[in-house]
Amino acid sequence: MEETNREAVATAVQRVAGMLQRSDQLDKVEQYRRREARKKTSVEARLKAAIQSQLDGVQTGLRQLHKALCDVKDIQNSLADVSKDWRQSINTIESLKDVKDAVVQHSQLASAVENLKNIFSVPEIVRETHDLIEQGELLQAHRKLMDLECSRDDLMYEQYRMDSKNVHDMNLIRSYFGQVQGLSEELSKQLWMVLQRAMVTVRRDPTMLVSVVRIIEREEKIDRKMLDRKKQTGFIPPGRPKCWKNRMNEVLESTVSARIESTQSETRESDKMWLVRLLEITRKYVLDDLTVVKNLMVQCFPPHYNTFQVFLDLYLKSVSARVQELAAEDLEANEIVSLLTWVLNTYKSVEMMAHPDLQPECDVKQLEPLLPEHVVDDLLGKYLKTFTSNITGWLRKALETDKKDWQKETEPEADQDGYYQTTLPAIVFQMFEQNLQVAAQINETFKEQVLRVCLKQMNSFLVRYREEAISYKEEHLKDRQHPQCYVQYMIAIINNCQTFKESINSLKRKYSQSAEATQNDATIDKLLNEVAREGCQFLLDEVFLDLEHHLNDLLTRKWLTGSHAVDTICVTVEDYFNDFAKIKKPNNQEMTSEAHRRVVVEYLKAIMQKRISFKNADERKDGADRMIKEADQFKFLFRKLSAGEDTDRLCDSIAAIAEVFKLTDPALLYLEVSTLVSKYPDIREEHIVALLAVRGDASREMRQMIIETLNQNKPSSSTVSQPVFRDITVPSNTMTAMTSMAVPKLLK
């Protein structure tokens, strides 16, 4: 017992080691555990059933033995009574013995005279019949067998009619014709052998099959005759009815069943495609065999046999039983799809039951389904559950692989148009496409279900994708030298969002019958837009981190005396945008517009922060000229980056402020400020105050007058299409320095 336990433990350890050879198989430990538990439960159930069956058999046997014992006792008592009666009537019987013997002798002689010829030739006919059976001459053998049986049956019938209680003579006749029953059994074996090989026989020697059918028909006719005579006289010859037609049907059914069961030549362990091979072999066998039945075999059977329909029913019954056995096994996801595709599509397709060679006898509309509906639903549910679990794991692995690529020191690959990309969208949608193609083979409803699962998992995946992109940016900010290709891979992430959108739309067009957008579609679009927008924001943050030092030099004394800050800003932005050209539309256009806006806003912030206050008219003129020149530089740069699109409005705000600074006559200052406010209605009071402070020559009264007048004639800013000053705040220290001013209400 201990040795058996040790062997069992060793086997189990070996089996577990085989299952867990790779680290990714650890995720399936629970699945393996459940599968082994199911197997254990199944084995235990079979053992219990076997033991219970044995116990039931023993119990039944004991009951039968007890009953037999009681019967034996009853028989024993009856025999005792019979023996007693016989002893009492023995004298009477003895007195009639001579008469009885004469009658028996007379009846026997009469039957013997009538069948004298056959009686003398029985041994010879038996030998001839045996030889004919061995030679395959079944019709001739059956003719002789019929003659022998006819002689025997006539003699026994005459004997029965004259003296039905004369067991001795009956046994004498039966003994003399004893070999006839053996010939009948020998002939029947030959018939069943021919029927078992009917598919081969009908091709090579159809006359043999015809002979078998004729013999069975003869025997059926004799059976009917003998049964009719039994109803009239109560006599039936030994071995009747033979019921060879029923036996023929049983042989054909077992042959077809064995034919279908023989299709499995591989197991899952030896061949991952075992089920596909099994189903294909089954399809080929069924189609080939039914074609032979239709074209050849129906000619060998009488029309009333309805031969094709009989074989069709036998094959479909066997196939249905086989696929139900397969459905009850612990199938993997791909095996479920293979089985359902075969059952729901291939079965009634032109590749099988709707094949032209089987028409018009085989009407696929009348065929019963191979699997009950509840079994199909269970298999589909099991597949969806497994598919959902698998797709989650596949997406997680795909994202992990993509994340590793983000750390590479080489640039990501580009598509045919030169846009950076990673392999993630292709991997994800190849995954989706393959499973949807498989689902489409089953039916439209299931295809829609799989598509919904894919989109739902895509939703969850994009949430993780966004989180990983943010984490990628945060890690980069800790050390901006790493990863080396951060900008290029962030561009690839942005482009992937566009690819995801296009791929999702393509899948929906291809695999969905519904054109209506769902809540899930809206969520996916929103997530993709957010990931792309945030990615663009991260890249611009990267640009402005490099520009920060140069932006701080704007509108300072250093800037006034000849700083090259704007030149550097333009060169840096253009250099970055050489890489940003690898961003797909419309994100690249939106990014250019945002970069333009941020550069101008930062420039305006530099003005509002009062880093400089002009001391005289010459400084104001030099500063204004410089601002106008730099506004033109920005215009030129962003026209170039925007492929000639209108970029003047933002940059013109710098030139408009420069005109306020450049004005030499303070008395006209109000008009210039009014012009600025009319062009940019979103400018606020604190902006005007800051501008006048930078100008440096506006008196307190003039400032108050300008503010009050503008408040009285404030333009509406509600219709501003491109606000410039809305997000620009004036630092509190700047405003504190102006507390001596009169501060009226904000300009709207």
Side-chain angles (χ1 to χ4, degrees), residues 395 397-430 461-503 527-550 568-599 637-638 640-643:
L395 290 173
K397 290 178 182 178
L399 182 54
E400 289 298 324
T401 303
D402 207 53
K403 279 172 55 184
K404 292 178 182 177
D405 291 343
W406 297 352
Q407 306 299 325
K408 288 182 178 179
E409 296 182 357
T410 56
E411 294 182 356
E413 62 182 28
D415 63 13
Q416 66 272 20
D417 297 319
Y419 297 118
Y420 285 138
Q421 63 178 7
T422 67
T423 57
L424 182 62
I427 292 172
V428 169
F429 284 94
Q430 183 180 11
F461 168 75
L462 289 176
V463 172
R464 294 194 298 272
Y465 193 53
R466 180 186 181 191
E467 292 170 351
E468 295 297 344
I470 294 172
S471 176
Y472 183 52
K473 183 263 297 187
E474 291 173 348
E475 288 297 319
H476 171 70
L477 291 180
K478 293 177 183 177
D479 182 0
R480 293 185 62 214
Q481 300 302 315
H482 300 283
Q484 186 174 336
C485 294
Y486 166 78
V487 170
Q488 289 80 2
Y489 277 99
M490 187 58 74
I491 291 173
I493 291 172
I494 296 168
N495 288 339
N496 285 350
C497 293
Q498 188 65 24
T499 306
F500 278 133
K501 270 188 184 179
E502 294 168 357
S503 299
L527 281 169
L528 288 171
N529 290 336
E530 287 177 353
V531 174
R533 184 174 63 253
E534 289 173 354
C536 292
Q537 191 67 40
F538 297 158
L539 291 176
L540 288 178
D541 290 344
E542 186 75 5
V543 175
F544 281 88
L545 282 173
D546 286 348
L547 297 180
E548 185 176 5
H549 174 70
H550 305 291
T568 306
I569 290 170
C570 290
V571 170
T572 303
V573 170
E574 186 172 7
D575 182 58
Y576 268 104
F577 269 83
N578 285 333
D579 284 335
F580 297 165
K582 303 292 180 70
I583 299 176
K584 292 182 178 180
K585 294 179 180 180
N587 292 316
N588 61 348
Q589 298 168 332
E590 294 172 359
M591 193 168 179
T592 303
S593 299
E594 180 61 16
H596 185 190
R597 190 193 69 81
R598 283 185 65 171
V599 166
L637 170 65
F638 287 104
K640 181 179 179 181
L641 297 179
S642 303

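Quick caveat, the model's predicted, so the values are computed rather than measured.
Interatomic distance, R533 CZ to N529 CG, rounded to the nearest 0.5 Å: 7.0 Å. To the nearest 0.5 angstrom, D402 atom CG is 10.0 Å from E468 atom CD. Here the straight-line distance linking atom CG of D541 with atom CD of E534 works out to 11.0 Å at 0.5 Å rounding. Once rounded to the nearest 0.5 Å, the distance linking OH of Y472 with OH of Y465 reads 10.5 Å. Rounding to the nearest 0.5 angstrom, the gap separating the CZ atom in R464 from the CG atom in L399 is 7.0 Å. Rounded to the nearest 0.5 angstrom, R480 CZ and L545 CG are separated by 4.5 Å.
The two residues G535 and I494 come nearest to each other via the heavy atoms C-CD1, 3.4 Å. The two residues Y419 and A581 make their nearest non-hydrogen contact at CE2-O, 3.7 Å. Annotation for W406 and P483: closest pair O-CB, 3.7 Å, computed over non-hydrogen atoms. Across all non-hydrogen atoms, the minimal contact from T592 to S642 is CG2-OG, 3.3 Å. Closest approach of M591 and C536 over heavy atoms only: CE-O, 3.6 Å.
A salt bridge is absent between D417 and K585: the closest approach of a Lys/Arg side-chain nitrogen to an acidic carboxylate oxygen does not fall below 4.0 angstrom. A salt bridge between E400 and K403 is present, with a side-chain N of the basic residue lying under 4.0 Å from a carboxylate O of the acidic one.
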Pair F461-L424, side chain to side chain contact (heavy atoms under 4.5 Å, CB included): steps then yes or no: CA-CA 12 Å; F461 168 75; L424 182 62; 3.6 Å; yes

Criterion side chain to side chain contact (heavy atoms under 4.5 Å, CB included) on Q421 and Q498, from CA distance to verdict: CA-CA 10 Å; Q421 63 178 7; Q498 188 65 24; over 6 Å; no

R597 and E594: CA distance, side-chain angles, deciding distance, side chain to side chain contact (heavy atoms under 4.5 Å, CB included) verdict: CA-CA 5 Å; R597 190 193 69 81; E594 180 61 16; 3.0 Å; yes

Audit row: L641, H596, side chain to side chain contact (heavy atoms under 4.5 Å, CB included) steps and yes/no: CA-CA 9 Å; L641 297 179; H596 185 190; over 6 Å; no

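A donor and an acceptor atom, one from each side chain of D405 and T422, are nowhere located under 3.5 Å apart.
Applying the side chain to side chain contact (heavy atoms under 4.5 Å, CB included) criterion to L528, with sequence neighbours excluded, gives L462, C497, F500, K501, I504, I524. Under the side chain to side chain contact (heavy atoms under 4.5 Å, CB included) criterion, K473 pairs with L477, Y486, M490, F538, sequence neighbours left out.
A side-chain donor-acceptor contact under 3.5 Å links H476 to the backbone of H482. A side-chain donor-acceptor contact under 3.5 Å links T401 to the backbone of K397. The backbone N or O of Y420 lies less than 3.5 Å from a partner atom in the side chain of N495, making a donor-acceptor pair.
The side chain to side chain contact (heavy atoms under 4.5 Å, CB included) with L539 is formed by just one residue from the set I493, D579, I491; it is I491.
Ring planes of F580 and F577: perpendicular class, angle over 60° (limits at 30 and 60°).
With a 4.5 Å cut-off on side-chain heavy atoms, K584 and D415 count as touching.
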